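So the structure is just underneath, and the comments pick up after that.
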There are 2 protein chains.
Amino acid sequence: MYRDEHLSIEQTGPVELDSRRLTLTRKEFELLTMLARNAGEIVPRDILLSTVWGYCEGTRTRTLDVHIRRLRRKLGEFGDTYIQTVFGVGYRFERYRAARPLLTYSMPAYAATA
Amino acid sequence: MYRDEHLSIEQTGPVELDSRRLTLTRKEFELLTMLARNAGEIVPRDILLSTVWGYCEGTRTRTLDVHIRRLRRKLGEFGDTYIQTVFGVGYRFERYRAARPLLTYSMPAYAATA
DNA sequence: TCGGCTTTTACAACTTTTTTACAAGTTGCG
DNA sequence: CGCAACTTGTAAAAAAGTTGTAAAAGCCGA
């Protein structure tokens with residue numbers, strides 16, 4: 001479902017982070033897969049609350065925030081990169097992108113053909 | 001069906017643990033083989049209850065837990081290693097993996113080709 | 001009926017989920 | 001800017017749910 005050089009998420013089988021099994025609880029797993037399936041797109045809070053929890057709109061609860069926090073923590077140093085907050089709307093799973101070294105003056109763009 | 005340096009499980013013939021025959025009851029044997037056939041994968045409680053016991057979904061019983069306990073006990077010190085609980089889902093038979101000694105300075109990685 | 005196997009019961013122990021309470025961050029407006 | 005209103009982050013407690021365990025009760029075939 002999602003895979004990059006650090007993280008692997010499949011519906012069947014354990015989530016792996018840097019080749020280590022991540023032990024997620026059911027809710028954590030459902031939340032993560034819901035986000036990862038829609039990688040790159042915002043998933044609104046009320047959609048998460050209705051699909052993962054079955055709550056109907058308007059339910060006042062902080063449980064989503066708490067689960068997001070635990071997911072981020074289990075994703076380690078990448079937690080905040082993978083799971084981004086979209087203020088007032090929801091969350092977005094962001095694909096991993098290795099930081100490319102910036103081109104500098106000593107290496108002009110036209111000379112930097114990969 | 002399953003074999004490692006400690007445990008041997010065959011459909012025909014007795015289960016052996018460290019070269020000793022284990023006397024399992026029928027239900028214990030069916031439960032163990034069901035798990036061992038799916039080694040490495042989670043077998044949900046309701047699947048176990050339906051295949052081994054013929055119970056239909058929703059039956060409220062603790063008999064599975066009790067059998068798991070007796071199996072674990074008969075598997076001795078490896079019981080908890082072989083039969084793992086997946087909370088809220090079921091159980092997983094885990095293959096035995098001998099702990100590999102850590103590579104030390106005296107044995108550099110490049111010399112340690114398996 | 002006896003003995004072994006299986007199931008239930010009852011409660012302890014444990015894990016997960018939700019709530020609570022407050023801190024910290026964000027937004028928009030005068 | 002600086003404040004008020006609102007949203008999200010976080011830790012810790014409470015609640016809910018699941019599994020472990022011992023012991024008793026039930027079942028069934030020899």
Side-chain angles (χ1 to χ4, degrees), chain A residues 14-15 21-35 42-94, chain B residues 14-15 21-35 42-94:
Chain A
V15 174
R21 281 191 187 185
L22 231 50
T23 56
L24 302 181
T25 69
R26 256 180 308 177
K27 280 272 155 65
E28 285 165 0
F29 182 76
E30 286 176 34
L31 177 55
L32 178 60
T33 52
M34 180 72 188
L35 290 169
I42 302 173
V43 184
R45 291 179 68 94
D46 54 314
I47 299 293
L48 291 169
L49 284 170
S50 65
T51 58
V52 178
W53 276 270
Y55 288 0
C56 48
E57 206 176 330
T59 311
R60 197 185 58 79
T61 178
R62 310 300 321 284
T63 196
L64 169 58
D65 308 74
V66 175
H67 276 83
I68 286 286
R69 163 161 167 68
R70 285 199 283 250
L71 262 186
R72 280 176 169 156
R73 188 186 283 192
K74 289 189 179 179
L75 290 174
E77 63 175 311
F78 309 111
D80 293 342
T81 311
Y82 281 125
I83 299 182
Q84 301 193 346
T85 303
V86 183
F87 193 94
V89 188
Y91 295 92
R92 178 180 49 222
F93 183 94
E94 196 70 64
Chain B
V15 174
R21 286 191 181 188
L22 280 191
T23 56
L24 302 181
T25 70
R26 207 174 347 155
K27 279 272 157 64
E28 285 165 359
F29 182 76
E30 285 176 35
L31 178 54
L32 179 60
T33 52
M34 180 72 187
L35 290 170
I42 301 173
V43 185
R45 291 179 70 95
D46 53 314
I47 299 293
L48 291 169
L49 284 170
S50 65
T51 58
V52 178
W53 275 270
Y55 288 179
C56 49
E57 204 176 329
T59 311
R60 197 185 59 80
T61 178
R62 308 302 318 284
T63 197
L64 170 57
D65 307 75
V66 174
H67 277 82
I68 288 286
R69 164 161 165 68
R70 285 198 285 251
L71 262 185
R72 279 177 171 156
R73 188 185 284 192
K74 290 189 179 179
L75 290 174
E77 64 175 309
F78 309 111
D80 292 343
T81 311
Y82 280 125
I83 300 182
Q84 300 193 345
T85 304
V86 184
F87 195 96
V89 187
Y91 295 92
R92 179 179 50 220
F93 183 93
E94 195 72 66

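All heavy atoms count here, side chains included; hydrogens, waters and symmetry mates do not. Quick note on labels: first sequence line is chain A, next is B, and so on, each numbered from 1. In this text, all values refer to a predicted model and were calculated from it rather than measured experimentally.
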Rounded off to whole Å, could you give me the [atom1]-to-[atom2] distance for the [X] and [N] pair?
X       : N      : atom1 : atom2 : result
B/Ile68 : D/dT18 : CD1   : C1'   : 14 Å
A/Leu32 : C/dT17 : CG    : P     : 14 Å
A/Leu48 : C/dT18 : CG    : P     : 13 Å
A/Leu71 : C/dT16 : CG    : P     : 13 Å
A/Leu64 : C/dT16 : CG    : P     : 19 Å

Residues two or more places apart in sequence or in another chain: which of them pass side-chain contact (heavy atoms from CB on, under 4.5 Å) with [X]?
X       : answer
A/Val66 : A/Arg70
A/Thr59 : A/Tyr55, A/Cys56
A/Leu24 : A/Val15, A/Leu22, A/Glu28, A/Phe29, A/Leu32, A/Leu71, A/Lys74

* **Counterpart residues, salt bridge (Lys or Arg N to Asp or Glu O under 4.0 Å), relative to B/Arg26 (two or more places apart)** =>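 Applying salt bridge (Lys or Arg N to Asp or Glu O under 4.0 Å) to B/Arg26 gives none.
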
By side chain to side chain donor-acceptor pair (under 3.5 Å), which residues pair with [X], not counting sequence neighbours?
X       : answer
A/Arg72 : A/Thr85
A/Glu30 : none
A/Tyr91 : none

What's touching nucleotides 3-7 of chain C from the protein side, N or O pairs under 3.5 Å?
{"residue": "C/dT6", "atom": "OP1", "partner": "B/Lys27", "partner atom": "N", "Å": "3.2"}
{"residue": "C/dT6", "atom": "OP2", "partner": "B/Thr25", "partner atom": "OG1", "Å": "2.4"}
{"residue": "C/dT7", "atom": "OP1", "partner": "B/Trp53", "partner atom": "NE1", "Å": "3.4"}
{"residue": "C/dT7", "atom": "OP2", "partner": "B/Trp53", "partner atom": "NE1", "Å": "2.7"}
{"residue": "C/dT7", "atom": "OP2", "partner": "B/Thr63", "partner atom": "OG1", "Å": "3.1"}

* Given D/dT19, C/dT9, D/dG9, which nucleotide is nearest the side-chain atoms of B/Tyr91? ->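 Per side-chain heavy atoms of B/Tyr91, the pick is D/dT19.
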
Atom pairs and distances, side-chain donor-acceptor, residues 44-54 of chain B, under 3.5 Å, sequence neighbours left out:
{"residue": "B/Arg45", "atom": "NH1", "partner": "B/Asp65", "partner atom": "OD2", "Å": "3.3"}
{"residue": "B/Arg45", "atom": "NH2", "partner": "B/Asp65", "partner atom": "OD1", "Å": "2.8"}
{"residue": "B/Ser50", "atom": "OG", "partner": "B/Asp46", "partner atom": "O", "Å": "3.1"}
{"residue": "B/Ser50", "atom": "OG", "partner": "B/Ile47", "partner atom": "O", "Å": "3.0"}
{"residue": "B/Thr51", "atom": "OG1", "partner": "B/Ile47", "partner atom": "O", "Å": "2.9"}

* A/Leu24 or A/Arg62, whichever maps to the more 5' nucleotide of DNA chain C ->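 Going by which nucleotide is closer to the 5' end, it is A/Leu24.
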
* To do: Could you tell me whether the phosphate oxygens of D/dT19, OP1 or OP2, come under 4.0 Å of any side-chain nitrogen or oxygen in B/Arg45?
  =>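 Yes, such a contact exists.
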
* Asked: Looking only at side-chain N and O atoms, does A/Arg60 come under 4.0 Å of OP1 or OP2 in C/dT20?
  ->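 So the side chain of A/Arg60 is within the cut-off, an N or O lying under 4.0 Å from OP1 or OP2 of C/dT20.
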
* Inter-axis angle, terminal five-pair segments of the helix from C/dT1-D/dA30 to C/dG30-D/dC1 [nearest 10°] ->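 Roughly 30°, once rounded to the nearest ten degrees.
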
* For the student: nearest non-hydrogen atoms of A/Leu31 and A/His67, plus distance ->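 Looks like CD2-CB, 3.7 Å.
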
* To do: Would you indicate what A/Val89 reaches in the nucleic acid, counting non-hydrogen atoms under 4.0 angstrom: base, sugar-phosphate, or nothing?
  =>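 A/Val89: backbone/sugar contact only, no base atoms under 4.0 Å.
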
* Please list, chain by chain and in numerical order, all residues satisfying ring-ring contact (aromatic ring centres under 6.0 Å, His included) with B/Phe93, sequence neighbours excluded. =>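 In terms of ring-ring contact (aromatic ring centres under 6.0 Å, His included), with neighbours along the sequence ignored, B/Phe93 is linked to B/Tyr2, B/Tyr82.
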
* To do: Could you check which residues of residues 78-88 of chain A get a heavy atom under 4.0 Å from DNA chain D? Sort them by number, please.
  =>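 Heavy-atom cutoff 4.0 Å gives A/Thr85, A/Phe87, A/Gly88.
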
